[in-house]
Amino acid sequence: MPKAQETVLEIDLKALKHNFEYLKSKLNDTTKFLAVVKAFAYGNDANTIAKSLESLNIDYFAVAYTNEGIALRKAGIKTPILVLHPLSANFSAIIEHRLEPSLYSLKIFDAFLSAASKNNQTNYPVHIKFNTGLNRLGFNEYDVDEIVSKLNNTVAIHATSIFSHLAASEDLAEKVFTLKQINSFKNISKSIIEKLNYKPLFHLCNTSGILNYPEAHFDMVRSGIGLYGFGNSKKENKHLNPIATLKTVISQIHTIKRGDSVGYNRGFKSDSDQKIATLPIGHADGIGRQYGQGNGFVFINNKRAPIIGNVCMDMIMVNVTDIDCNEGDEVIVFGQNASAEDLAETANTISYELITAISQRIKRIILR
Ligand SMILES: *Cc1c(COP(=O)(O)O)cnc(C)c1O
């Protein structure tokens with residue numbers, strides 16, 4: 001691929017296909033696959049990712065908010081789209097764009113039922129979310145009877161699926177807790193199968209759930225981070241390819257003397273003669289101030305260059321004293337051989353936060 005001449009996020013659709021096939025190889029033939037494409041497909045490019053997965057016969061998409069689903073519909077996505085976190089104010093737009101809401105509380109359930117009825121809908125697809133321990137969104141196990149009775153007594157909505165979400169599927173030290181969640185979800189499923197007049201799909205696992213709890217795949221799994229190339233463990237990372245490479249260039253090189261300072265508030269003070277490079281990427285692009293002060297680093301000609309001083313809004317300065325480099329040279333912030341997980345760790349965060357933060361002002365380049 002050509003060398004970067006400005007800051008770009010390259011997105012490799014072959015890597016996406018590889019990750020999809022690897023995750024799919026963990027499933028039974030009949031288990032459906034939902035791709036989580038919220039937050040611009042984790043900072044990548046939701047329309048491009050969704051179109052690519054649609055061509056690979058993905059079964060379902062999920063987004064967090066309604067406007068993310070509307071954007072996918074406007075881009076021509078026809079596959080069903082689950083909206084994980086709708087609010088009452090979104091219901092007419094949801095129906096207009098044929099999006100499928102997660103109903104997670106009585107208030108939201110009743111409000112959507114009433115909106116669907118007023119709209120003369122029959123069998124409008126909805127998804128019922130249960131809380132099995134994350135304590136974020138969802139009905140509780142003791143709500144089953146009330147929900148089932150409401151579902152059995154309406155033709156306006158149809159529970160296409162019943163789902164829950166694991167709190168610590170990547171953390172094997174919390175295995176006992178996760179098994180408790182799986183068991184609670186099994187009890188909910190059993191009770192619903194007994195009482196509901198029809199059979200919905202059941203789903204529980206996110207990426208690490210798919211990889212660590214094969215017994216809990218049920219009818220469908222939901223993967224986000226795995227599709228984008230991260231397995232939340234060294235072992236699984238070997239099988240996955242990060243789809244995004246964040247590249248930039250050296251705008252300028254300065255040589256500074258002992259006692260000189262670099263950047264706002266003189267965040268770096270030099271104790272010797274040094275060579276520093278200025279790069280066109282900053283906290284407004286998603287490289288937060290936590291990466292400054294020597295914590296984070298980038299790669300220039302395969303060598304690590306630490307980010308020195310304070311991260312500016314549109315620039316960072318890196319120490320290149322020991323690196324043979326020139327103005328205009330390509331810089332890798334993260335990518336297939338420069339793990340975003342490792343960079344995220346230097347700022348005490350996780351790959352999810354680093355990649356979803358990459359700002360929309362950075363040009364996306366799609367590699368097909
Ligand atoms: C974001 C999200 C996922 C995807 O999780 P990954 O760890 O990225 O695979 C799945 N389910 C729900 C409910 C989510 O909010």
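Computation of the quantities below employed the complete heavy-atom set of this structure, encompassing side-chain atoms and omitting hydrogens, waters and symmetry-equivalent molecules. Ligands are counted one by one from 1 in listed order, and the atoms in each one are counted from 1 as well.
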Q: Within the structure, is a non-hydrogen atom of Tyr352 found at a distance of less than 4.0 Å from ligand 1?
A: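 True for this residue.
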
Q: If every non-hydrogen atom of Leu211 is compared with every non-hydrogen atom of Gly231, which pair is closest and at what distance?
A: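 Leu211 and Gly231 have their closest heavy atoms at CD1-O, 4.1 Å.
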
Q: Provide, to 0.1 Å, the distance between atom 14 (C) of ligand 1 and the closest protein heavy atom, together with that atom's residue and name.
A: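 Residue, atom and distance for the closest contact: Lys38 NZ, 3.0 Å.
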
Q: Look only at the side chain of Glu327 and the backbone of Ile253, and say whether a donor-acceptor pair between them is shorter than 3.5 Å.
A: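 Confirmed, Glu327 side chain pairs with Ile253 backbone.
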
Q: Of the protein's non-hydrogen atoms, which lies at the shortest distance from atom 5 (O) of ligand 1, and what is that distance?
A: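 It is Asn206 CB, 3.5 Å.
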
Q: Does Asp12 form a salt bridge (charged side-chain N to carboxylate O under 4.0 Å, His left out) with Lys17? I'd like the steps, not just the answer.
A: CA-CA 9 Å; Asp12 179 353; Lys17 180 167 187 271; over 6 Å; no

Q: Examine the proximity of ligand 1 to Asn232 and report which part, side chain or backbone, both or neither, has a heavy atom under 4.0 Å away.
A: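 Contact part for Asn232 vs ligand 1: neither.
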
Q: Pick out which of Leu34, Val36, Ile210 makes a side-chain contact (heavy atoms from CB on, under 4.5 Å) with Ser223.
A: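 By the side-chain contact (heavy atoms from CB on, under 4.5 Å) criterion, Ser223 pairs with just one of Leu34, Val36, Ile210: Ile210.
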
Q: Just wondering, do Thr349 and Tyr291 contact through their side chains at under 4.5 Å, heavy atoms?
A: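 Touching, per the 4.5 Å side-chain cut-off.
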
Q: Do Asp171 side-chain atoms and Ala173 backbone N/O form a donor-acceptor pair below 3.5 Å?
A: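 The answer is yes, because a donor-acceptor pair under 3.5 Å joins these two groups.
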
Q: For the 3.5 Å polar cut-off, considering only N or O atoms, please tell me whether Val36 and ligand 1 meet it.
A: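 No.
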
Q: What is the closest protein heavy atom to atom 12 (C) of ligand 1, and at what distance does it sit?
A: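 Among all protein heavy atoms, the one nearest atom 12 (C) of ligand 1 is His165 CE1, 3.4 Å.
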
Q: Tell me which part of Arg136 gets within contact of ligand 1: side chain, backbone, both or neither, using heavy atoms under 4.0 Å.
A: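 Only the side chain of Arg136 comes within reach of ligand 1.
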
Q: Report, in ascending order of atom number, the atoms of ligand 1 lying under 4.0 Å from any heavy atom of Ser223.
A: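 Listed by number with element, the hits are 9 (O).
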
Q: Look at atom 9 (O) of ligand 1 and say which protein heavy atom is nearest, naming residue and atom and giving the distance to 0.1 Å.
A: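 Minimum-distance protein heavy atom for atom 9 (O) of ligand 1 reads Thr207 OG1, 2.5 Å.
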
Q: Going by heavy atoms, is Gly226 under 4.0 Å from ligand 1?
A: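 False for this residue.
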
Q: Gly224 heavy atoms, cut-off 4.0 Å: which ligand 1 atoms fall inside?
A: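 Near Gly224, meaning under 4.0 Å from one of its heavy atoms, ligand 1 has 4 (C), 6 (P), 8 (O), 9 (O).
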
Q: Looking at atom 11 (N) of ligand 1, what's its closest protein heavy atom, distance included?
A: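 Protein heavy atom with the smallest distance to atom 11 (N) of ligand 1: Arg222 NE, 2.9 Å.
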
Q: Which ligand 1 atoms are under 4.0 Å away from a heavy-atom of Ile225?
A: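 What qualifies from ligand 1 is 6 (P), 7 (O), 8 (O), 9 (O).
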
Q: Is His203 near ligand 1, meaning one of its heavy atoms is under 4.0 Å from it?
A: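 Per 4.0 Å heavy-atom rule, His203 does not contact ligand 1.
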
Q: Within a distance under 4.0 Å of any heavy atom of Leu84, pick out the atoms of ligand 1 and give their elements.
A: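 Counting from 1, the qualifying ligand atoms are 13 (C), 14 (C), 15 (O).
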
Q: Just by distance, with hydrogens left out, do Gln252 and Thr278 show a side-chain donor and acceptor under 3.5 Å apart?
A: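 No, no side-chain donor-acceptor pair sits under 3.5 Å.
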
Q: Short question: side chain of Thr346, backbone of Leu343 - any donor-acceptor pair under 3.5 Å?
A: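 Judged by distance alone, yes, a pair lies under 3.5 Å.
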
Q: Identify the protein heavy atom lying closest to atom 8 (O) of ligand 1, giving its residue, its atom name and the separation to 0.1 Å.
A: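 Nearest protein contact, heavy atoms only, for atom 8 (O) of ligand 1 is Tyr42 OH, 2.5 Å.
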
Q: Checking Tyr22 side chain against Glu236 main chain: does a donor-acceptor pair fall under 3.5 Å?
A: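 Not confirmed, Tyr22 side chain does not pair with Glu236 backbone.
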
Q: Please answer whether the main-chain N or O of Leu27 pairs with a side-chain N or O of Thr31 as donor and acceptor at a distance below 3.5 Å.
A: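 No.
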
